[in-house]
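Everything below concerns the one structure shown next.
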Amino acid sequence: NAGVMQNPRHLVRRRGQEARLRCSPMKGHSHVYWYRQLPEEGLKFMVYLQKENIIDESGMPKERFSAEFPKEGPSILRIQQVVRGDSAAYFCASSITGTGGNAEAFFGQGTRLTVV
Amino acid sequence: RKEVEQDPGPFNVPEGATVAFNCTYSNSASQSFFWYRQDCRKEPKLLMSVYSSGNEDGRFTAQLNRASQYISLLIRDSKLSDSATYLCAITGGGNKLTFGTGTQLKVEL
């Protein structure tokens, strides 16, 4: 049973370009969470999705960031017109049910985005 | 007040020592509690869930104190390989998992 798969592992974008980060949850998991981690800082919640629905996007910046989790295929975190401040590690996690019910969330290896 | 707070450390301990970390939370409605371990530049890895009755996994023991709103992690007989950052994570209503900033542990010879 493969774990949470994220790709690419490393992504370099020039300022103004778009970044697309992909996350395939563990088999059987329908709950997906995205987190951002700046160097030397903690994990900041961005968005929580279930299949085809955004459940909680309270941590998403108001502009340029969007997320989806379609019926088929991986979850996508999209960052438009990237700026240097977007450089960070982006982690995806998945759980079989919501973590509020004590379900454990497992993380992918992350995508390290560098904006040059 | 932050939703979840941890002492950043670092905690420098000799091999074989017992070390304990606490993590306080502000939302009394919090339902689920976890400890994760994160090595430098790696993803967080689930260490254990934390239950009201407390739970133990080998050298690791986790406790929950709802009255004082904190969870703890005790590591006995520390190994060099335990050196990492330990993150507490709490669900405060709903399914949003909020992390503390982590406590850094360095186990030395």
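Just so it is clear, the structure is predicted and the values come from calculations on it, not from any experiment. All chains are named by letter (A, B, ...) in the order of the sequence lines, taking the proteins before the strands, and each is independently numbered beginning at 1.
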Taking all non-hydrogen atoms of both residues into account, name the closest pair between B:Phe34 and A:Ala103 and its distance. CZ-O, 3.5 Å

Side chain, backbone, both or neither: which part of A:Ala105 has an atom under 4.5 Å from a heavy atom of chain B? both

So, taking the atom named NZ in B:Lys96 and the one named OH in A:Tyr48, what distance separates them when rounded to the nearest 0.5 Å? 13.0 Å

Side chain / backbone / both / neither for B:Tyr51 at chain A, heavy atoms under 4.5 Å: side chain

If hydrophobic clusters are built by linking Ile, Leu, Val, Met, Phe, Trp and Tyr wherever their side-chain heavy atoms come under 4.5 Å apart, do A:Leu113 and A:Val4 end up in the same one? no

Counting only heavy atoms not in A:Lys51 (residues, nucleotides, ligands), do more than 12 fall under 6.0 Å from its NZ? yes

Check whether A:Thr97 gets within reach of chain B through its side chain, its backbone, both or neither, counting any heavy atom under 4.5 Å. neither

Does either side chain, that of B:Gln38 or that of A:Gln37, offer a donor lying less than 3.5 Å from an acceptor on the other one? yes

Tell me, side chain or backbone of B:Ile90 under 4.5 Å from chain A's heavy atoms, or both, or neither? neither

Is it true that atom CD of A:Glu18 has more than 12 heavy atoms of other residues, nucleotides or ligands lying nearer than 6.0 Å? yes

Dump the intermediate steps for side chain to side chain contact (heavy atoms under 4.5 Å, CB included) on B:Asn95 and A:Asp56, then the final yes or no. CA-CA 9 Å; B:Asn95 291 315; A:Asp56 184 343; over 6 Å; no

Can you check whether A:Phe107 and B:Tyr36 have ring centres sitting under 6.0 Å from each other? yes

Have B:Thr101 and A:Glu41 got a donor and an acceptor in their side chains that come within less than 3.5 Å? no

Linked, directly or transitively: B:Leu64 and B:Tyr86 (ILVMFWY side chains, under 4.5 Å): yes

Closest non-hydrogen atom pair between B:Lys42 and A:Arg112, with its separation: N-NH2, 3.8 Å

Is B:Arg59 atom CZ crowded by more than 12 heavy atoms from other residues, nucleotides or ligands, each under 6.0 Å away? yes

Can you measure from CD (A:Glu104) to CE (B:Met48) and round to the nearest 0.5 angstrom? 10.0 Å

Is there a path of hydrophobic side-chain contacts, each under 4.5 Å between heavy atoms of I/L/V/M/F/W/Y residues, joining B:Leu87 to B:Leu73? no

Is it possible for you to say whether A:Val32 and B:Leu97 belong to one hydrophobic cluster, with membership spreading through side-chain heavy-atom contacts below 4.5 Å? no

Check: A:Phe106 and B:Leu46 side chains under 4.5 Å, non-hydrogen atoms: yes

Taking CE in A:Met60 as the centre, count heavy atoms belonging to other residues, nucleotides or ligands within less than 6.0 Å. Is the count above 12? yes

Under a 4.5 Å cut-off applied to non-hydrogen side-chain atoms, are A:Tyr35 and B:Phe99 in contact? yes

What about A:Leu11 and A:Trp34, same hydrophobic cluster or not, with Ile/Leu/Val/Met/Phe/Trp/Tyr joined at side-chain heavy-atom distances under 4.5 Å? yes

